[in-house]
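Quick notes on the structure that follows.
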Number of protein chains: 2
Amino acid sequence: MARESSRPGITDVARLAGVSLSTVSRAMNGNPTVDPALAERVLAAAAELGYTANPVARSLVLGRTQTVAVVIPDLENPTFQAILRGLSRAATTDGYHVLIADSREDLDEEHALARATRLRTDGVILCAPRMPEEELATLLPALSPAVVINRGPQVSTPVVGADYGSGMREIVDHLTSLGHRRLVYLAGATRSVTHRARQEAIAAAVSRTAGLDVEEISAGVDFDSGTAVADQVLASGATAVIAYNDLVAMGLLSALTVRRVDVPERLSITGFDDIPFAAYTSPPLTTAAVPAVEIGAAAWSAMHAQLTGGEPTPALTLTPSLVVRGSTAAPHDV
Amino acid sequence: MARESSRPGITDVARLAGVSLSTVSRAMNGNPTVDPALAERVLAAAAELGYTANPVARSLVLGRTQTVAVVIPDLENPTFQAILRGLSRAATTDGYHVLIADSREDLDEEHALARATRLRTDGVILCAPRMPEEELATLLPALSPAVVINRGPQVSTPVVGADYGSGMREIVDHLTSLGHRRLVYLAGATRSVTHRARQEAIAAAVSRTAGLDVEEISAGVDFDSGTAVADQVLASGATAVIAYNDLVAMGLLSALTVRRVDVPERLSITGFDDIPFAAYTSPPLTTAAVPAVEIGAAAWSAMHAQLTGGEPTPALTLTPSLVVRGSTAAPHDV
DNA sequence: CTGTTAGCGCATTCAC
DNA sequence: GTGAATGCGCTAACAG
């Protein structure tokens, strides 16, 4: 068998350098107990052969893969993309690899994917806004170490996310201070944790603001959901619409443009997330900017801390900031 | 040592089922040579213990990881995101995992990432539009099996991509048929293969269209690049602008809106790619739609074919389709 | 059909 | 300081 064509193994290096396997291993890993002269010879041999230790074999013996998994509900969603980006770049900086798993909004799949990917990685970052609390609680121990994104506090699993309640409060306050009293909230994923946070913030605003009325309309989480509810929104008599997120807001905006309804003159619209294109719709979208890239980076930090046995990262909640742009204005009637 | 807390190994299952390791292995892998009754007992034991074969150990012995790497120049680019999405979903369907590597536009990093990720995967899908041809040629053999995206034909490496020349020809024809004769081409990544394809298509159009003049202006590939060249574009005296891609077109559009330059009345603008938001700018963008998700899926097919030793996939080139929207119209002067 | 044996490629005890 | 042996957890030859 001509093993010439195969990747060189540690044995080949050992032979070329005239030393044992152990010495090659030690030298390659910078173990200081090896004679400098020998180490150099080994490294030279390795370089000559173009040798690199087989990561799979190392993973088996070391019990770690230098890889983490990221489970995302929808790779098409700009916010998840941004989280993934922030995470991926931070992980790469620390020498880790990232396995992605797109659950395509399938809850069963999500659970299975998380478990399956955990077997070939050192930990999983779980982005599962819709998974029931109990299911999450039973899943997390099997995933450990794990990091959860945009969920409530978890037992012994770090959570990083944005404060959707705070963002929503700012949005409502912005609209009421403009003079709006009749609002519509376009509910998205009603089973999601972030929906409940939004909802509670709205309820709180209603109870503390005289004359404020917020009607909830079921929509979805994507562009088409926004276009689909346009007529319902118009029929509601509201002067401002709080969309579940930017995609829904943009879909609505698009449908309203078709219907020649002026925004913000006749209807104000707000989004949530501040995805890259929110600033470039016309009018540009007033929204609550969620620092998604930072969330991704923070999620990595929390994972890295667990992986290296460092200080356990406390739960981290980033605060969205209100970005006022052209899609909101005082109601016409006021 | 209480190994109770550790993941159950094949040995534990063997003991519980009262059989040997081999039998467990065979039963777990559905090997038909095992007695049905025994197999059932093994599977029951495995289920009771919650046993799943360790993928890392399997990878080592089988020499395959059931994972492929995708090297992307920029995870922020919507087109690459779409390719990744199409690829990831197709790979998942076939039971494969996807490792992502974002080279962040760093050419050296790109090369290193490709080699490094290859060591822990069964193949790499390389999206490296800017890598010099010679470098690519030396890199590919080390990556094999590999699939290359949006490049010219390669020796013994499948290529999948879009026909940028064709898309550009359609764009130019569209503009000239509207009556435009003075155009500007906003060049993006000038070292990229797809830039050259665009450029050649433009040159061909110029040589066959009487009175057609296309000025090339260096821009970049992102939104800001588009805004940055707005004044230069206005000074050129052109009646239509062919942007490198949708992002550049949108940036330019945004800058022109600020300058109160009417599009398409005073200036027509075209993009390229048809990213998700191209349809929702105002005016919506005329562009050449690149089937990015399909490219990703096709790239996976090409990889899968190599992995399973099936028919080698021939080079596949998908044709972009011109999507005429509101950002183009006949020039005002004509 | 099943059990025993031998690696996959490497890191790490343990002797020297 | 260095080499020889052991095993990470599993699959695949090899006997029986």
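Keep in mind that the numbers below use all heavy atoms, side chains included, and drop hydrogens, waters and symmetry copies. Predicted model, so just to flag it, every value in this text is computed and none were measured.
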Original post:
D:dC10 P sits how many Å from A:L60 CG, rounded?
Top reply: 9 Å
Original post:
Given atom CZ of B:R15 and atom P of D:dC10, what is their separation to the nearest angstrom?
Top reply: 13 Å
**OP:** Measure the spacing between CZ of A:F80 and CG of A:D102 and express it to the nearest 0.5 Å.
**Re:** 10.0 Å
Just list the side-chain donor-acceptor pairs under 3.5 Å for residues 69-76 of chain B, sequence neighbours left out, or say none.
unit_1	atom_1	unit_2	atom_2	d
B:D74	OD1	A:R89	NH2	3.2
B:D74	OD1	B:E76	N	2.9

Subject >> Axis deviation across the helix from C:dC1-D:dG16 to C:dC16-D:dG1, five-pair ends, to the nearest 10° >> reply: 50°
**OP:** Would you mind classifying the nucleic acid contact of B:V19 as base, sugar-phosphate or nothing, using non-hydrogen atoms under 4.0 angstrom?
**Re:** sugar-phosphate
Original post:
Among side-chain atoms of B:R115 and B:H111, is any donor-acceptor pair under 3.5 angstrom?
Top reply: yes
Original post:
For B:L38 and C:dT2, what is the distance between atoms CG and P respectively, to the nearest whole Å?
Top reply: 4 Å
**OP:** Using a 4.0 Å heavy-atom cut-off, write out nucleotides 10-16 of chain C from 5' to 3' as B (base contacted by protein), S (sugar-phosphate only) or - (no contact).
**Re:** SBBB---
Subject >> Sequence-distant partners of B:Y51, ring-ring contact (aromatic ring centres under 6.0 Å, His included), two or more places apart >> reply: none
**OP:** Not counting sequence neighbours, which residues clear side-chain contact (heavy atoms from CB on, under 4.5 Å) with A:L113? List them please.
**Re:** A:A101, A:S103, A:E109
Original post:
With the threshold set at 4.0 Å, does a side-chain nitrogen-carboxylate oxygen contact exist between A:R130 and A:E105?
Top reply: yes
Original post:
In whole angstrom, what separates A:L49's CG from C:dG9's C1'?
Top reply: 15 Å
Subject >> Salt bridge present between B:E110 and B:R104 (N-O < 4.0 angstrom) >> reply: no
Original post:
Residues in salt bridge (Lys or Arg N to Asp or Glu O under 4.0 Å) with A:R26, at least two apart?
Top reply: none
